[in-house]
Protein chains: 2
Amino acid sequence: MALRHAVLAALLEGEASGYELSKRFDIGVANFWSATPQQLYRELERLDDAGLVNVVVVEQRRRPNKRVFSISDAGLDELYAFTTQPTRPPAMRDGLLVKVQALDAGDADAVTKALGERLAHAQGKLARYDRLRDRLLAGRSEAEYVRASERIGPYLTLMGGRMFEQQSMRWITAVLEILAVRSGRGQAVTAHPGGGRT
Amino acid sequence: MALRHAVLAALLEGEASGYELSKRFDIGVANFWSATPQQLYRELERLDDAGLVNVVVVEQRRRPNKRVFSISDAGLDELYAFTTQPTRPPAMRDGLLVKVQALDAGDADAVTKALGERLAHAQGKLARYDRLRDRLLAGRSEAEYVRASERIGPYLTLMGGRMFEQQSMRWITAVLEILAVRSGRGQAVTAHPGGGRT
DNA sequence: AACTCCATGTAACATGTTACATGATTCG
DNA sequence: CGAATCATGTAACATGTTACATGGAGTT
């Protein structure tokens, strides 16, 4: 049930509508959890039913009404309790890794292309994280920020996100180099056994 | 449908029973995909139905019979096709990150403890990966291995796994240091707003 | 006129988790 | 004698994905 707690944690940063949350949890932006809009709308219903969030309907002039959610006292208790509960280590589930694992029986050019795309994606995410970091630090050094700021959680997960993307980039770069070496090596690429399908 | 292709990719390393596969895909070992035994048994049924694997029932003397699976020609075609298909960037979903994000409203000691446990877990995985790497290299240098070995996919994902765990360890270490600085800072920990639940 | 943004949802499906059940064998 | 390992599964549930639907406002 970690989606539930991820939503509560996100609401610590301030109240939000489902739509606003769906942007914070967008896969291309999220640094501590990601979820689709549909998951969020469903979960927000449940959180409301469980009394873990407060809801206010905000009527808007030239826009559809929105329901603005904030964390309730019961929600804060629930979130506190969550931090004391065990969590399992995360599962590796990345299609790109499967492609790389299957490289020898797959289309090496296609995998190389996919690696390049992932590299660009990581670069984009990193740039966003860096902008966010600059905004958080607001001119202060990290040491200053760490001492002075009220909250530290968001900064720490942001750092995690940055390091993760940098790490991805290093891995992809290393893989691409190795693939370049191998494609330039005497031995040609072995034709794929099926010989072309249909 | 990446589980399907992960299983096919795993079978490139040789035939296996469901039970054997479940060990390769164990969350504490897997370096390119993880899955529970139940998922694997279900998926192997489907792969069999779709003709993507060959199945041989091996009768054993003092053991229950086992069904040994290997990738079929159709399976190789399917896997090849998969390497040309787009995959989405992976979703961040780690309960530990949620805890860290919620640190300021949570139990800092419990989160610190969880970070320590994750650090140990990462260390263990790294050690396993290192042993696997030594076995793969079999005394050769990486450069030699890259030039000479038939397959490269498994080595590359292994490298990915190693780098990922090292990266996790660096992040956790940095977080623990920052938390140590903050807990030693003038300002005491703010009591949690709910004040104790129930 | 077409497209994107705001704002919400439903329905159907695919995937992943947890608990349980069975039964022999080997290890300490 | 109890625990771990080998080997397979079923059932129920929780979570996540995809496609679609609605409708006004602003933008090109």
Side-chain angles (χ1 to χ4, degrees), chain A residues 1-7 15-30 33-50 53 55-69 82 85-95 98, chain B residues 1-7 15-30 33-50 53 55-69 82 85-95 98:
Chain A
M1 284 210 285
L3 171 58
R4 148 163 302 193
H5 302 104
V7 171
E15 55 173 34
S17 67
Y19 185 77
E20 283 160 355
L21 279 175
S22 78
K23 282 188 293 181
R24 295 191 199 165
F25 280 98
D26 186 281
I27 201 170
V29 186
W33 196 270
S34 77
T36 61
Q38 289 65 25
Q39 279 181 277
L40 293 170
Y41 283 115
R42 200 164 48 177
E43 196 60 40
L44 285 167
E45 281 305 321
R46 290 176 192 163
L47 285 166
D48 188 16
D49 291 347
V53 292
V55 192
V56 178
V57 176
V58 174
E59 308 223 356
Q60 299 188 113
R61 281 159 240 175
R62 311 167 163 282
R63 288 264 163 235
N65 294 347
K66 59 177 170 181
R67 294 185 301 154
V68 173
F69 299 88
F82 171 74
Q85 290 302 118
T87 45
R88 343 164 258 253
M92 276 261 161
R93 273 186 205 120
D94 183 347
V98 177
Chain B
M1 285 208 288
L3 171 58
R4 150 162 299 191
H5 301 104
V7 172
E15 56 173 34
S17 68
Y19 184 79
E20 283 160 354
L21 279 175
S22 78
K23 282 187 294 181
R24 296 190 199 167
F25 280 98
D26 185 280
I27 202 170
V29 186
W33 194 270
S34 77
T36 62
Q38 289 66 26
Q39 278 181 280
L40 292 171
Y41 283 115
R42 199 163 50 178
E43 195 61 39
L44 286 167
E45 280 306 320
R46 290 177 192 162
L47 284 165
D48 187 18
D49 291 347
V53 292
V55 191
V56 178
V57 175
V58 175
E59 310 223 356
Q60 299 187 111
R61 281 158 243 174
R62 312 166 163 281
R63 287 265 161 235
N65 293 348
K66 58 179 172 180
R67 295 185 301 152
V68 172
F69 299 88
F82 170 74
Q85 290 302 118
T87 44
R88 344 163 257 255
M92 277 261 160
R93 270 182 208 125
D94 182 348
V98 177

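Below, chain A is the first sequence line, B the second, and so on; all start at residue 1.
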Seminar exercise, completed: CH2 of B:Trp33 to CG of B:Leu3, rounded to nearest 0.5 Å, is 7.0 Å

Exercise. What nucleic acid atoms does B:Ser17 come within less than 4.0 Å of, heavy atoms only: base, sugar-phosphate, or nothing?
Worked result: sugar-phosphate

For this session: Establish, with yes or no, whether the OP1 or OP2 oxygen of D:dG9 is under 4.0 angstrom from a side-chain nitrogen or oxygen of B:Tyr41.
Result: no

Exercise. Side-chain N or O of A:Tyr19 less than 4.0 angstrom from OP1 or OP2 on C:dC6?
Worked result: yes

For this session: Could you tell me whether a side-chain N or O of B:Arg24 sits under 3.5 Å from a main-chain N or O of B:Ala30, the two making a donor and an acceptor?
Result: no

Exercise. Is A:Lys66 salt-bridged to A:Glu20, cutoff N-O under 4.0 Å?
Worked result: yes

Exercise. In whole Å, what is the span from the CD atom of B:Glu59 to the C1' atom of D:dA7?
Worked result: 14 Å

Exercise. Looking only at side-chain N and O atoms, does B:Arg93 come under 4.0 Å of OP1 or OP2 in D:dG16?
Worked result: yes

For this session: Calculate the interatomic distance between B:Asn65 atom CG and D:dT8 atom C1'; express it in whole Å.
Result: 11 Å

Problem set entry | Atom pair distance, as rounded to whole Å: CD in A:Gln39 and P in C:dA11 | 18 Å

Exercise. C:dG9 base to A:Gln38 side chain: any donor-acceptor pair below 3.5 Å?
Worked result: yes

Problem set entry | side-chain N/O B:Lys23 vs D:dC6 OP1/OP2, d < 4.0 Å | yes

For this session: Would you kindly check whether a donor in the side chain of A:Arg42 faces an acceptor in the base of D:dG16, or vice versa, at under 3.5 angstrom?
Result: yes

Seminar exercise, completed: In whole angstroms, the gap separating C1' of C:dT15 from CD of B:Glu45 amounts to 17 Å

Exercise. Want to settle it: does A:Ser34 or B:Pro37 sit nearer the 5' end of DNA chain D, counting the closest nucleotide to each?
Worked result: B:Pro37

For this session: Whole angstrom is fine here: how far is it from CG in B:Asp26 over to P in D:dT5?
Result: 12 Å

Problem set entry | Nearest-angstrom distance from the residue atom CG of A:Asp48 to C1' of C:dT8 | 15 Å

Problem set entry | Euclidean distance, atom CD1 of residue A:Ile27 to atom C1' of D:dT18 [Å, nearest integer] | 14 Å

Problem set entry | Residue met sooner reading DNA chain C from 5', once A:Arg88 and B:Glu43 are mapped to nucleotides | B:Glu43

Seminar exercise, completed: note: A:Phe25, atom CZ; D:dG16, atom C1'; distance rounded to Å ~ 14 Å

Problem set entry | A:Arg67 with A:Glu45: basic N within carboxylate O range, under 4.0 Å | yes

Exercise. Does A:Arg4 use its side chain to pair, donor to acceptor, with the backbone of A:Glu43 at less than 3.5 Å?
Worked result: no

